[in-house]
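For the numbers below, each heavy atom of this structure counts, side chains included, while hydrogens, waters and symmetry mates do not. Since the model is a prediction, treat every value here as computed from it, not as a measurement. Per chain, numbering begins at 1; letters A, B, ... match sequence-line order.
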2 protein chains.
Amino acid sequence: MNPMTAARSPYSSPADRPQLGLRERKKIKTREAIRAATYGLIKEQGYDATTIEQIADRAEVSPSTVFRYFPAKEDIVLTDEYDPLMAEELRARPAGESWIDSVRHVMHLAIDANNREDPEVARMRAHLAAQVPAVRSRMVESMSQTGRLLREAIAERHGLDPDSIEVRVYAMSFIGGLMETSMYWAENGFKGELSDLVDRALDVLEHGLPTEKP
Amino acid sequence: MNPMTAARSPYSSPADRPQLGLRERKKIKTREAIRAATYGLIKEQGYDATTIEQIADRAEVSPSTVFRYFPAKEDIVLTDEYDPLMAEELRARPAGESWIDSVRHVMHLAIDANNREDPEVARMRAHLAAQVPAVRSRMVESMSQTGRLLREAIAERHGLDPDSIEVRVYAMSFIGGLMETSMYWAENGFKGELSDLVDRALDVLEHGLPTEKP
DNA sequence: CCATAAAATGAGAGTAACTCTCAAAATGTA
DNA sequence: TACATTTTGAGAGTTACTCTCATTTTATGG
């Protein structure tokens, strides 16, 4: 599942593209050039002030090419390719483990992988999602997509129909809760560990609100 | 709160604009003309094929005016002005009543009001939200906005900080669950009563998933 | 190594949703 | 009726995105 600030595949180090043809390697380089240009420009000017033309210029490709690699501007900063991996990971968890513990485990995995990759980019994504409606919206869409995988994992565990309203509502309430966790993190200046916030969020999703104020 | 397919204020019948000046009355008429034109065109051609220019033509105003009344195309079909009313209603519920029951009550109120107003439009909104990403996205934004009001009501009831991650996550999980309910309703051809689906959704949000498959 | 197929790129034209500005028209008020 | 205020329309400009087609670049088989 989307760890809310997901980057590339957790296991894709720069070294793992060995016997790819020149064509494929070039494509990867272009993709990364576009992304790097975009992050750079956004850091300098902000999201809205950054145009596709500027991105294309800095990445040394044409605007057409930018759109060939990413369907929309928001996707340049967001796209994560490994949501399916996480869903798989979820399903691979021992059947005896409680649902919440499985989610917790997978979320921690994802966050760790992400931090190992590029913690700054991870924060930038969360920040953009919190600030820019278009980015946030795209992120919600992406997480909802993942929600469909979630449903199946949930349904399997609980012996329910993945298309029942119960499972759908349950899955989406998780998505909503985790999305909000990311927003909270960004809005509060990335204070503390994201994993700790996720733990607190999962507690709420499991048990509801704590009974009394501390 | 957004009853997922909200229309105008539940209490605004055509008769309730009595001693408004000519100016105000005209504005309301223009607003409704734009909306009517939009719904008509969408029904005929679909959302994407309907342009602002066509809408302006049919409503007999200029495109500029359309944008003056609605900030974006999606807002023409969505805008509901009474989310705050629902939040107020929520807070007005007896303090002894359980949180879930309060939400249930208010949701039923909203759905009823909506059905009384224009059930076809209510369905059309849900349908568009399910089909058109831009509309769905705008709806999520709108519900999240409402979420902020929700937080306060929740915090008040539970004696918690409305800005704590716990309350935020809890509120957003409700939003997510109710949003999904609307999608489910639309995707399944509006079969059955929306209120019944909402009840089932709230059960899940309160108690988690049912233990066994029927 | 060369010819040829296949894929990727760039250039350019086109669309549609907005935004801004300014002058004209409609309305309210004295 | 005159004047101030508000609302509207017209038009120009920006930008994200789409489509098409010619050109370049890479892969492949002889």
Of dA17(C), dT25(D), dT5(D), the nucleotide closest to the side chain of Arg23(B) is dT5(D)

Once you apply a heavy-atom cut-off of 4.0 Å, does Tyr69(A) come out as touching a base, just sugar-phosphate, or nothing?
sugar-phosphate

What nucleotide among dT27(C), dT9(C), dT7(D) has an atom nearest to a side-chain atom of Arg68(A)?
dT9(C)

Determine yes or no for a side-chain-to-main-chain donor-acceptor pair under 3.5 angstrom, with Thr38(B) supplying the side chain and Ile34(B) the backbone.
yes

In whole angstroms, how far is the P atom of dA16(D) from the CD atom of Gln54(A)?
9 Å

Roughly, in whole Å, what's the span from CD in Glu60(B) to C1' in dG9(D)?
14 Å

Thinking salt bridges, do Asp203(A) and Arg104(A) make one under a 4.0 Å N-O criterion?
yes

Using only heavy-atom distances, decide whether a donor-acceptor pair under 3.5 angstrom links the side-chain of Ser64(A) to the base of dA11(C).
yes

Once you apply a heavy-atom cut-off of 4.0 Å, does Pro63(A) come out as touching a base, just sugar-phosphate, or nothing?
nothing

Round to a whole Å and report the spacing from CG of Asp48(B) to P of dT15(C).
17 Å

Phe67(A) CZ to dT18(D) P, straight-line distance once rounded to whole Å
7 Å

Residue pair Glu206(A) / Trp99(A), side-chain heavy-atom distance below 4.5 Å
no

Could you check which of dT19(C), dT7(D), dG10(C) has an atom nearest any side-chain atom of Val61(A)?
dG10(C)

Rounded to whole angstroms, how far apart are CZ on Arg25(A) and P on dA8(C)?
15 Å

From CD1 of Ile55(B) across to C1' of dA17(C) the rounded distance in Å is 11 Å

The single option from Leu160(A), Val167(A), Thr146(A) that satisfies side-chain contact (heavy atoms from CB on, under 4.5 Å) with Arg151(A) is Val167(A)

Thr65(B) side chain N/O closer than 4.0 Å to the phosphate oxygens (OP1, OP2) of dG9(D)?
yes

Please check the phosphate of dT7(D) (OP1 and OP2 only) for any side-chain N or O of Lys27(B) closer than 4.0 Å.
yes

To the nearest Å, give me how far apart CD (Gln45(B)) and C1' (dA16(C)) are.
14 Å

Picking from dA17(C), dA16(D), dT27(C), which would you name as closest to the side chain of Lys26(B)?
dT27(C)

Less than 4.5 Å apart, side chain to side chain, heavy atoms only: is that true for Tyr39(B) and Ile76(B)?
no

Regarding Glu74(B), tell me which of base, sugar-phosphate or nothing describes its non-hydrogen contacts under 4.0 Å with the strands shown.
sugar-phosphate

Lys73(A) or Thr30(B): which one's nearest nucleotide on DNA chain D is closer to the 5' end?
Thr30(B)

Roughly how many Å is it from CZ in Phe70(A) to P in dA16(D), rounded to a whole number?
15 Å

